[in-house]
Chemist: 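Take a look at this one; I'll ask things after.
The basis for the numbers below is simple: all heavy atoms, side chains too, and nothing from hydrogens, waters or symmetry mates. Position 1 is the first residue of the sequence; numbering continues from there. Remember, it's 1-based here, ligands and their atoms both numbered in the order they're listed.
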Amino acid sequence: MLNLVIFGAPGSGKGTQSERLIDKYGLHHISTGEVLREHISRGDELGKIADSYISKGQLIPDDLMIRVLENVLDSNPELTAKGVIFDGFPRTIDQAKALKEMLAKRDSKVHAVIGLEVAEDELMRRMIQRGAETGRADDNPETIKKRLKVYHTQTQPLRDYYIAEGKYHGIDGTGSVDDVHGKVVDSLTARLPEHV
Ligand code: ATP
Ligand code: MG
C-alpha cells in the first residue's frame, strides 16, 4: 500500500507523471481537477459551483472541496485498499490536515509527496500550449496568471508543511516525461524501498 501526493504548480506535469506512476505501481488516481471538470461537463449543481471558481482561476472553497474528496473515497473503498495518487489535492494547509484525518480513519496515511518543480516561464508556455491543443477553458493567459498567483499564496506553503513532516521529495520537473519519471522513481526507491 502506497499513498502518494503529487504536488506542484499548475502545468507542472502532475497528471502526466501520475499516469506513469499508475502504470508502474498499479495505484489508483484521484485528480480533483478531473473530478470537477466531469461535474462541469455534466452541468450538475456541483459543476456549476466549480465552474464559477475555476473560470476565475480561484480554488474551490476548502469545506466543499474536502466534502467532494471524502465522497470519492466513500464511494470507492477499493481505492484506499491498494493505494492512491492524489493529484491536485491538497492545495491548502487545511486540505492537507483534512486528508491526514480522512486517511487516518481508514488506517492509512500519506507516505510521500512528490513536488514537481518547474520555472514560471516554462509553466506558462506549457499551459498556453495545452489550451491551444485541448481547448481547456482555464488555460488562457489571463486565467493562468491568476492560477499561478493563487498557487504561490495558498498552495506553495504546503511545501514547508510536508518538509516538516519529512515527506517532501522535490524533483526537477523540466526535461522529457521519461527523464522526470526516472527521477521520481529513483527518489521513491531511495526513500521508500519497502513500498516500491
Ligand atoms: P496540472 O496542470 O498540473 O494538472 P492544474 O492546476 O492546471 O494542474 P487541475 O489540478 O486540473 O489543474 O485543477 C484545475 C482547477 O480545479 C484549479 O485551478 C482549481 O480551481 C480547481 N481545483 C482542483 N483541485 C482543487 C483543490 N484541491 N482545491 C480547490 N480547488 C481545486
Ligand atoms: Mg491535472
Chemist: Using 4.0 Å as the upper bound for N to carboxylate O, is an ion pair formed by D62 and R91?
Modeler: no
Chemist: Using a heavy-atom cut-off of under 4.0 Å, does the side chain or the backbone of T92 touch ligand 1, or both, or neither?
Modeler: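 Answer for T92: neither.
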Chemist: Looking only at distances, can you tell me whether any N or O atom of G11, backbone or side chain, sits closer than 3.5 Å to an N or O atom of ligand 1?
Modeler: yes
Chemist: What atoms in ligand 1 come closer than 4.0 Å to a heavy atom of P10?
Modeler: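 Once the distances to P10 are compared, the set is 2 (O), 5 (P), 6 (O), 7 (O), 8 (O).
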Chemist: Considering I6, V35, I60, which one's heavy-atom position lies nearest to atom 30 (N) of ligand 1?
Modeler: I60
Chemist: Got the closest protein heavy atom to atom 16 (O) of ligand 1, with its distance?
Modeler: I54 CD1, 3.5 Å
Chemist: Would you call E142 and K146 a salt bridge, using N to O less than 4.0 angstrom?
Modeler: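 The answer is yes: the pair qualifies as a salt bridge.
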Chemist: Do R126 and E122 sit within salt-bridge range, that is, some charged N less than 4.0 Å from a carboxylate O?
Modeler: yes
Chemist: Decide yes or no for I40 and I54: does some side-chain heavy atom of the first lie under 4.5 Å from some side-chain heavy atom of the second?
Modeler: yes
Chemist: Backbone N or O of G175 within a donor-acceptor pair of the D179 side chain at under 3.5 Å?
Modeler: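 The answer is no, because no donor-acceptor pair under 3.5 Å joins these two groups.
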Chemist: Quick check on R136 - does any of its heavy atoms sit under 4.0 Å from an atom of ligand 1?
Modeler: yes
Chemist: Does any N or O atom in G88 lie less than 3.5 angstrom from one in ligand 1, N or O only?
Modeler: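 Yes - when backbone and side-chain N and O of G88 are compared with those of ligand 1, one distance drops under 3.5 Å.
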Chemist: Under 4.0 angstrom from ligand 1, any heavy atom of R130?
Modeler: yes
Chemist: Please determine whether a side-chain nitrogen of the Lys or Arg among E120 and R125 lies less than 4.0 Å from a carboxylate oxygen of the Asp or Glu.
Modeler: no
Chemist: With heavy-atom distances below 4.0 Å as the criterion, list the atoms of ligand 1 near L36.
Modeler: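 The list of qualifying atoms is 16 (O), 21 (C), 22 (N), 23 (C).
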Chemist: Does the N or O separation between D87 and ligand 1 drop below 3.5 Å for any pair?
Modeler: no
Chemist: Within ligand 1, which atoms have a heavy atom of Q58 less than 4.0 Å away?
Modeler: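 Here the atoms of ligand 1 in question are 19 (C), 20 (O).
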Chemist: Which option out of E34, M127, R37 puts a heavy atom nearest to atom 11 (O) of ligand 1?
Modeler: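 Closest candidate by heavy-atom distance is R37.
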Chemist: Near T32, which atoms of ligand 1 are under 4.0 Å from a heavy atom of that residue?
Modeler: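 Counting atoms of ligand 1 from 1, those under 4.0 Å from T32 are 23 (C), 24 (N), 25 (C), 27 (N).
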Chemist: Determine whether Q17 and H181 make a side-chain contact, defined as any pair of heavy atoms from C-beta on separated by less than 4.5 Å.
Modeler: yes
Chemist: Check R159 with E165, please: is the shortest side-chain N to carboxylate O separation under 4.0 Å?
Modeler: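 Salt bridge between E165 and R159, a charged N being under 4.0 Å from a carboxylate O: no.
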Chemist: Considering K146, K56, Q95 one by one, which has a heavy atom nearer to atom 28 (N) of ligand 1 than any of the others?
Modeler: Q95
Chemist: Answer yes or no: is there an ion pair linking R67 with E70, defined by an N-O contact shorter than 4.0 Å?
Modeler: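 Salt bridge: no.
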Chemist: Among protein heavy atoms, which sits nearest to atom 13 (O) of ligand 1, and what does the distance come to when rounded to 0.1 Å?
Modeler: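 Result for atom 13 (O) of ligand 1: R91 NH2, 3.5 Å.
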Chemist: Give the single entry among R147, Q154, K14 that approaches atom 7 (O) of ligand 1 most closely by any heavy atom.
Modeler: R147
Chemist: Any carboxylate oxygen within less than 4.0 angstrom of a Lys/Arg side-chain nitrogen, looking at D139 and R130?
Modeler: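 A salt bridge links D139 with R130.
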